[in-house]
Structures are given as C-alpha cells and as structure tokens.
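Report on the structure given below.
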Amino acid sequence: MDTFDLLMQGFAAAITPANLLWALLGVTIGTAVGVLPGIGPALTVALLLPITFRLEPSAALILFAGIYSGGMYGGSTTSILLNTPGESASIVSAIEGNKMARAGRAAAALATAAIGSFVAGIVATVGLTLLAPVMAQFAITLGPPEYVALMAIAFISVAALLGPNLLKGAAGLVIGLTIGLVGIDVQSGQPRLTFGSDRLLDGLDVVLVVVGLFAIAETLSHVLSGTGRSTVTPVKGRTALSREEFRRSWPAWLRGTALGFPIGALPAGGAEIPTFLSYAAEKRLSRHRGEFGRGAIEGVAGPESANNAAAAGVLVPLLTIGLPTSATAAIILTAFQSYGLQPGPTLFAESGDLVWALIASLFIGNVMLLVLNLPLVKVWARLLMLPSWSIYAAVTVFAALGAFAAGGSPTDIVILAALGALGMLMRLADIPAAPAVVGLILGPLMEAQLRRAMTLSEGDPAILVSSPLTIGLWIVAALLLIVPPLIGAQLGRRRRRALRAAGARDAEGAQTTPTDSTH
C-alpha cells in the first residue's frame, strides 16, 4: 500500500498541465527522432541536455523519459519501412517487419509494433513500480566493497553488450575512464591530464563530452559516408490489425514482455539480447513457421514487446543502484547529475517525489504513444523523405548552441569539436561511444568507492572479497566476461542463417511466374 500511495502521489504531480505537456512533447520528439536513421533517443537526449538546464528537474526528467520511450518505438518504423533500424534493439524487427511492408502489410506491422510497445510498456512499468523500491532498500545495505564489485559488473557488461565485441567495448570504456581523470584529483590536489590548461582543471563537463561523442561525431561520420537516399515503402490502408492478426500477436506481446523486462532489469541487461531471444522463441513456438523470413507477424510483435519492456527494465538498475546499461540510460544519468541528483539507494529517500512522478509519467507516456502513433504512422513515414543534410545541419547548430550555453566560453566550442573528432575516429575504428559515457560517469564514482574501501581496510585489498556478497558479485563479473560473447556468437549465427534463408526465399519468389502466390 505504501508503494501504491507513493505512485498516486506521483500521478498527482505528473498530471499537472505543465508536466503533461512535457510528457507529450517528449514522446512526440522521441518518436520523430526514432524514425530518422542514426538520430536515436541517446543523441536526442544529449542534444537537449544543455537546453533544459532552466527547467525544473521533474519536468526535464519527464521530458527525457518520454523521448526514451518514444525513441524505442520510433526505431521500429524505420526498421519496417526502410529495413534500417533506428536503434540497435530494433534490428530484429527489420527481419520480418520489412518483409511484411514489401508484401503490402506495412500497416499491420506498424500496428502490432505500436500495440505491443504499449502492452509491454505498461506491464514493464508495473514491474518497475514494484521492483525498484525493493532493490533500493537492498542497495542501502551495500558498502564500498560491494559498490566496487557492482561497478566492475557494470563496466564489463557495457563493454560486452554495447560494443561489437568485448575488446572494442573495453576500448571505448578506457577512453571514457581516461576522460574522467581530467581535472584536479580530489584527494591529492594534483592536476591530472590537464596539459597546463587552466580550463581543464575543473575537468570536462559530462554534457559537453556526451554531445561531442554523439552529436558531432554522428554528423562528421555522416559527412564522410555521404548522404544517400533510401526508398520508403508506402503505408497503405488504415493502421489496424485484423482479428486473425490480433489473435496471432497477443501471445507474442506477452512472451516478449516476459523476456524483456527481467533481462533489462539486470545490471548486465539491455534490450538487444531479449529481442533476439524473443524472435528465436516465436519462431520455435509459431504454428506458421513457414512464414518466418517472408513476413511473420509474430516476428515483429515479440521482439518489439521485448524491446520496450527491456527499456523500462533498464531504469531499475539506473534508479536503484545508479548503473546505466544502455547509451540512453547513461545520458539520463548525466541529466540526473546535472541537477545535483545521484541515482542510487538514497534517491528514493531524498528525492522520492521526483522519482515517483517520473515513474507515473511512464504510464502516461505509454498511453500517449499509443494514441499518437496509430493515427500518425503516415506522418512519421514522411519524415523519412527529409534530406539528410538538413537533419545533420540542425544537429550541428543545436549542439554548438547547447555547448556554448552550458559553458559560456568559446573554448567549449573548440573542446566540442575535438571531442567530435575523437568520436568520429572511434566510429571509424568501430569503437562504441556508449561505454565511454559509462566510464566517464562511473569511473570517478568507482575511484571514490575504491579509495574509501582501502581507507577502511588500511590498504588491505582483501576487503574487496571480504563477504559472500562481494565474492558472488565478482563471480558474476567473471561470468560476464565469458557468457555474453558465447551467447552473442550463437545469436549472430542464428541471425545470419535467418537472413540467408530469407534471401533464398526472396530469390525463389523472384523466379516464380506472376500467377504464383505466396501465403
């Protein structure tokens, strides 16, 4: 009942006209940018961080939560119509969704994605409501040794799950940890990596780093790769499901939700793995296996539900322990810190009103997404017609204005350009930026907890394995070094087989006569 009462108080704050407007603005912007290839929710939140400094913390976080939810849905539109995922978690949706679109069933594919996102978002937010306070209470009992082990788990998981492989993910993490060292060491008072520059004595602003590594790097990489233009599959008919399509979709929505939320809620979770697992499960359980690779609606419904359920699950470790397990979660963590808030076990006690308003806004945002997306699918599809140069020109202008507004110095623009060039080089080397952001944010926190643990033990490192919990956490960290690469390799082989099988069916269909039909 305490949780229910707190949630009702959160709703009372979230349904004020101003906060409803911010939630609507967030889901609208999130859906729009999720539709555009390359402009995902992480980049959008990074761009808006400097602009929202004058907002109330609750309004800014409700806006970012709306962008997060909308962006996770918007990526499915790009996957289905263009076969180009707007987010990495939307990769699986492209396998069956684009086949449905090419067969004239784009409306059904987009409808099952929208309704599945709504179902998964509501169920997963209920799970967040029930689980987050319990985890926060548990996290209060953790000491410095436990936090060191937890952050090690976070470092390993983001390196393994947010990069193409463990080595490149670790390279991104090291870059972030190095950037986090810039400035004056709090304990010794000595400058680190400042190269004699007074501007760097206070360290690099997290917002500046995020905007540079995401926004400017994205623009520079796009300039190098060229503009290009893709053909959009038109959306025909009303965006609705037939009775048969609904009957086949709803079990997949529930199964995808059941896979996505628990995996997303793990400190080593994320949205990519449950979407692949959901697709594999639907293919095995479906009575229409022959349609997989040709446009099976279950292959869209399940992964989309898993994707959105995992997005809500990712907020569990973020809010309760302060561990982000996705790029957008890492930038939302930056948003918390920009308001002087540190997600973790004390957040619910010290800023409970804000947290419960944020959770309540997730319920409201999911309803807004369903109402917004079903009638406006054709509008979002037209966004894909915008010339890409205009999109990235706007991104550059907003990034520069935001950086200057945050620091008020022309030097910040130079630093922004340098970070953008670094981000571009990382992309050329296929080194992900998300682990760098996590390393930048959590590196100083882990350093502080490690020093605290060493102080308590008078320099004895055995304190890091001094309890059954710390030993268990280090075992989990070791398993994360071994298990995800094996799972990723297996899922990669399955995906390649599915793509080859789909290509073979397309080639076979192209050789048939016009009177042939496929069901």
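For the pair E447 and R192, the salt-bridge criterion is met [side-chain N within less than 4.0 Å of a carboxylate O].
Scanning both residues, M368 and A23, for their nearest heavy atoms gives SD-C, 3.9 Å. Smallest separation of non-hydrogen atoms from M426 and G172: CE-CA, 4.4 Å. In terms of heavy atoms, R427 sits closest to S221 at CD-OG, 3.0 Å. When all heavy atoms of G439 and P444 are compared, the pair lying nearest together is O-CD, 4.1 Å. Of all heavy-atom pairs spanning P274 and A310, the tightest one is CG-CB, 4.1 Å. Nearest heavy-atom pair across L213 and A436 is CD1-CB, 4.1 Å.
Atoms CG and CG, from L419 and L204 in turn, are 6.0 Å apart once rounded to the nearest 0.5 Å. Here F64 contributes atom CZ and I332 contributes atom CD1; the two are 8.0 Å apart, rounded to the nearest 0.5 Å. Atoms CZ and OG, on F336 and S351 in that order, are 8.5 Å from each other to the nearest 0.5 Å. Residue T28 holds its OG1 atom at 10.0 Å from CD1 of I67, rounded to the nearest 0.5 Å. Taking CD1 from I62 and CD1 from I359, the interatomic distance works out to 11.5 Å, rounded to the nearest 0.5 Å. The line from CG of L61 to CD of E56 is 11.0 Å long, rounded to the nearest 0.5 Å.
Counting heavy atoms from C-beta outward, F363 and I122 have side chains that approach closer than 4.5 Å. In this structure, the side chains of L440 and L177 stay at 4.5 Å or more apart for every pair of heavy atoms. Side-chain contact between T320 and L315: absent, with no pair of heavy atoms (C-beta onward) separated by less than 4.5 Å. Residues L319 and L358 form a side-chain contact, since some pair of their non-hydrogen atoms from C-beta on lies under 4.5 Å apart.
Not a single donor-acceptor pair under 3.5 Å links the side chain of N307 to the backbone N or O of P303. Listed for the N19 side chain is no donor-acceptor partner under 3.5 Å among the backbone atoms of S58. With hydrogens and angles disregarded, a donor-acceptor distance shorter than 3.5 Å links the side chain of T470 to the backbone of S467. Not a single donor-acceptor pair under 3.5 Å links the side chain of S278 to the backbone N or O of A306. A distance-only check finds a donor-acceptor pair linking the side chain of W474 to the backbone of L464 [under 3.5 Å].
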Decide side-chain contact (heavy atoms from CB on, under 4.5 Å) for L422 and I175; before the verdict, give the C-alpha distance in whole Å, the side-chain angles of both, and the deciding distance to 0.1 Å. CA-CA 10 Å; L422 173 63; I175 290 173; 4.2 Å; yes
For L341 and L354: C-alpha separation, side-chain torsions, deciding distance, then whether side-chain contact (heavy atoms from CB on, under 4.5 Å) applies. CA-CA 10 Å; L341 303 170; L354 186 150; 3.8 Å; yes
side-chain contact (heavy atoms from CB on, under 4.5 Å) evaluation trace for M454 with D460: CA-CA 6 Å; M454 291 296 100; D460 184 4; over 6 Å; no
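When each of N308, L130, L362 is paired with T125, the side-chain contact (heavy atoms from CB on, under 4.5 Å) condition holds for L362 and for no other.
Crowding of D353 atom CG: a count of heavy atoms from other residues, nucleotides or ligands under 6.0 Å not exceeding 12. Counted within 6.0 Å of CH2 on W356, heavy atoms from surrounding residues, nucleotides or ligands total more than 12; the atom is thus considered enclosed.
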